[in-house]
Asks: 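This is the structure I have questions about; it appears just below.
Just the heavy atoms: all of them, side chains too, but no hydrogens, waters or symmetry mates, feed the values below.
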Amino acid sequence: MLRIVFFLVLIALAGAGAAWVADQPGDVVLTWGGFRASPSIPVFVLCLGIFAVLIVLLWSIVTMIWRTPGRMRRRRHEKRHARGRHAITHGLLAIGHGDTALARRHADAARRHAPNDPLALLLHAQSAQLDGNRDEAQRAFRAMAEREDTRLLGLRGLFIEAQRADDAVGAVMIAEEAIKLSPSSTWASHAVLGFRCARGDWSGALAILDSNLSAGLIDKQGYRRQRGVLLTARALELETMDRDVARESVMEAVKLAPTLVPAAVLAAKFESEAHQVRRAMKLVEAAWLANPHPDLADAYAHVKLGDAARQRLQRVETLAAKTPADKAGHVEGQLAIARAAIDATEFARAREVLAPYVNDPTQRVALLMAELERTEHGDGGRARAWTLRAVRARHDPAWTADGYVSDRWRPVSPVTGRLDAFQWQTPVASLPSDKGTTIESSAFEEAMLAAPPPKRVTVVSEAPVEPAVIAEVQTPTPAPAPAPAAQDNAPPAATEEPVVAPAEPIKPAPEAAESSPVAATPVFRTRADLGKPTQAPIQAVIPIVRAPDDPGIDDDGPSDEFTEQIGTPRDHAKAQAGGWRGFWSRWGA
């Protein structure tokens, strides 16, 4: 509306001016040499306006001609830039769906049309990575690292290439340079933190953690937890070298993370040595309620030095009672009671606790039953049977991080370098599935777990298909060779065969104990297809031969789990893993 009003005002002013000029009397005389003109004032004003318009048109034409080369250059540059952007866009899309040839073709086009574009350098580097040309990718990332606007991106690319080449020293230097340029860089801080933890540089790792908190990369709660993890790792390392520093570190760690199991165990140990029994028990109880663990139960049992085994059993029962029966960690308390009961020679109590788990035992339950049989009765056969069952039993919870299972707690994951990654849980490989059980129980195991058989007497089968009849042995007399029996796996008998006479039915054996169920059918039966061989003489020296189902003993001795997995570059080249495992093989213990 205002524009319309303004336009009408201008028209009115122009009309008023034209009327005023038309009303002016007089002539304008122009003399130039022999030329003389005397137009009126309105005519002169009209001619003056036409002249001004001609001058403006002429100036515009001259300016356009003067600026034409620059406009042509800019137009060519814009076309090249548009083609470069088009190549970059389609090249990145080709990298996204994995078309190596198309990505390389678009990268070459982007380098021709937009050589100084940061995205063209990125496309060139990523296409080289996709094509497997690491040298070309490193050259592109170095070019990006030399530019101010793409320095961090180039360092990130060089770090990834060093990581793939297992160049731990180069990766550390690149990450530290990146964190100097940008303390808020997540990947750089994570990498430097992982490398310092792998080297055991806990002070440097704590400094990086403080820097992450200042940069806002971690919240306050996560900072407290991770600081507690690092302090616990330092305390465990210095436990035997500098106990004062270790005690100070673990006490701060248990304040920051009271539910951290290794921190609670070590802190309870230090408090117990200082005769602070009540304080040590409180530390263990707080961690036990959050995460029941065998180490916590062991620390709680030995919290008071010099106690007898029965006193430790009572203390463990008190701790286990704090876990409800419907909680997942209830079984840890029961296994801890069984362990303490065996140590206290309370075998009935141990069997009572383990009874609900013997039908579907885990490895720890089976091993405890084997130890119980060996300690209580000295029954090596039943102990071996339970040991064999432990080989095929379900796995117990263990320290697990990113699919890696460790026999002890570690502050960082050896797979990804993530801090506080280990959790006490059942490994994924041993979780139950919807498939049926594929491992069947063996006859040897069932025989060992069954009740001990009665004393052996001579038996002869009446018919090949009839079971053997147990009878009393009469006075032996010569007799012809008996008919072949159904099955006979018994040791060779004497050359003379006894005569079988009718006998009274044998009274049924008394019912065996709960741990020794009576076998439904005998394991060893007579055999009819083989005759009775003569008794072989007993050797003076009986050779010790390992049974086929004996798992034996590992003669290699204990070994470090990281050595088995990572190995050395010469002997275990195939076991050398890339990524973080490759770096840590040069920095780890």
Side-chain angles (χ1 to χ4, degrees), residues 159-160 162-166 168 171 175 186-187 189-200 205 218 222 225-226 228-230 232-233 236 257 259-263 290-295 328-329 331-332 360 362-367 390-435 437-439 554 556 558-569 571-589:
F159 171 78
I160 294 175
Q163 188 180 17
R164 291 179 177 178
D166 289 340
T186 305
W187 67 269
S189 62
H190 177 74
V192 174
L193 181 62
F195 284 127
R196 292 185 179 179
C197 290
R199 290 197 302 248
I218 187 174
R225 174 74 181 188
Q226 294 185 8
V229 170
L230 294 177
T232 303
L236 291 173
T259 60
L260 186 61
V261 172
N291 186 15
H293 193 275
D295 293 345
V331 65
E332 294 292 344
D360 185 18
T362 61
Q363 291 181 349
R364 288 167 58 195
V365 172
L367 292 177
V391 175
R392 300 192 300 268
R394 292 183 294 107
H395 291 276
D396 293 278
W399 289 114
T400 307
D402 301 320
Y404 179 84
V405 180
S406 175
D407 59 344
R408 60 185 178 89
W409 176 84
R410 299 177 185 272
V412 293
S413 170
V415 180
T416 61
R418 184 164 51 95
L419 186 62
D420 190 25
F422 277 93
Q423 302 292 330
W424 182 254
Q425 59 186 7
T426 304
V428 177
S430 63
L431 292 178
S433 64
D434 54 355
K435 296 182 179 179
T437 305
T438 58
I439 300 178
D554 190 5
D556 297 334
S559 59
D560 184 64
E561 59 184 2
F562 276 103
T563 305
E564 294 178 357
Q565 181 178 1
I566 298 177
T568 59
D571 300 331
H572 303 280
K574 294 183 179 180
Q576 175 68 40
W580 294 97
R581 295 185 184 180
F583 304 148
W584 291 0
S585 64
R586 297 171 174 81
W587 294 99

Asks: Per the side chain to side chain contact (heavy atoms under 4.5 Å, CB included) rule, which among Ile218, Leu260, Leu419 passes with Arg225?
Replies: Leu260
Asks: Work out which heavy atom in Val412 is nearest to a heavy atom in Phe422; give both atom names and the distance.
Replies: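 Smallest interatomic distance, heavy atoms only, reads O-CE1, 3.2 Å.
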Asks: So do the side chains of Trp424 and Glu332 get within less than 4.5 Å of each other, counting heavy atoms only?
Replies: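 The answer is yes, as the side chains (C-beta and beyond) meet within the 4.5 Å cut-off.
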Asks: Whether the side chain of Arg394 engages the backbone of Asp360 through a donor-acceptor N/O pair (distance < 3.5 Å, no angle test) should be reported.
Replies: yes
Asks: Please name all residues satisfying side chain to side chain donor-acceptor pair (under 3.5 Å) with Asn291, sequence neighbours left out, ordered by chain then number.
Replies: none
Asks: List the residues meeting side-chain contact (heavy atoms from CB on, under 4.5 Å) with Ala233, not counting sequence neighbours, and say none if there are none.
Replies: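 Per chain and number, Ala233 pairs via side-chain contact (heavy atoms from CB on, under 4.5 Å) with Trp202, Pro411.
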Asks: If every non-hydrogen atom of Phe159 is compared with every non-hydrogen atom of Ala171, which pair is closest and at what distance?
Replies: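 In terms of heavy atoms, the two residues are closest at CD1-O, 3.5 Å.
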Asks: For Gln363, give me all partners under side-chain contact (heavy atoms from CB on, under 4.5 Å), at least two apart in sequence or on another chain.
Replies: Ala393, His395, Asp396
Asks: State, with a plain yes or no, whether a side-chain heavy atom of Trp187 is found less than 4.5 Å away from one of Ile160.
Replies: no
Asks: Just to verify, what does Leu367 make a side-chain contact (heavy atoms from CB on, under 4.5 Å) with, not counting sequence neighbours?
Replies: Ala390
Asks: List the residues meeting side-chain contact (heavy atoms from CB on, under 4.5 Å) with Thr186, not counting sequence neighbours, and say none if there are none.
Replies: Leu217
Asks: Could you list the residues that satisfy salt bridge (charged side-chain N to carboxylate O under 4.0 Å, His left out) with Asp295, not counting sequence neighbours?
Replies: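 Once residues adjacent in sequence are excluded, Asp295 has no partner under the salt bridge (charged side-chain N to carboxylate O under 4.0 Å, His left out) criterion.
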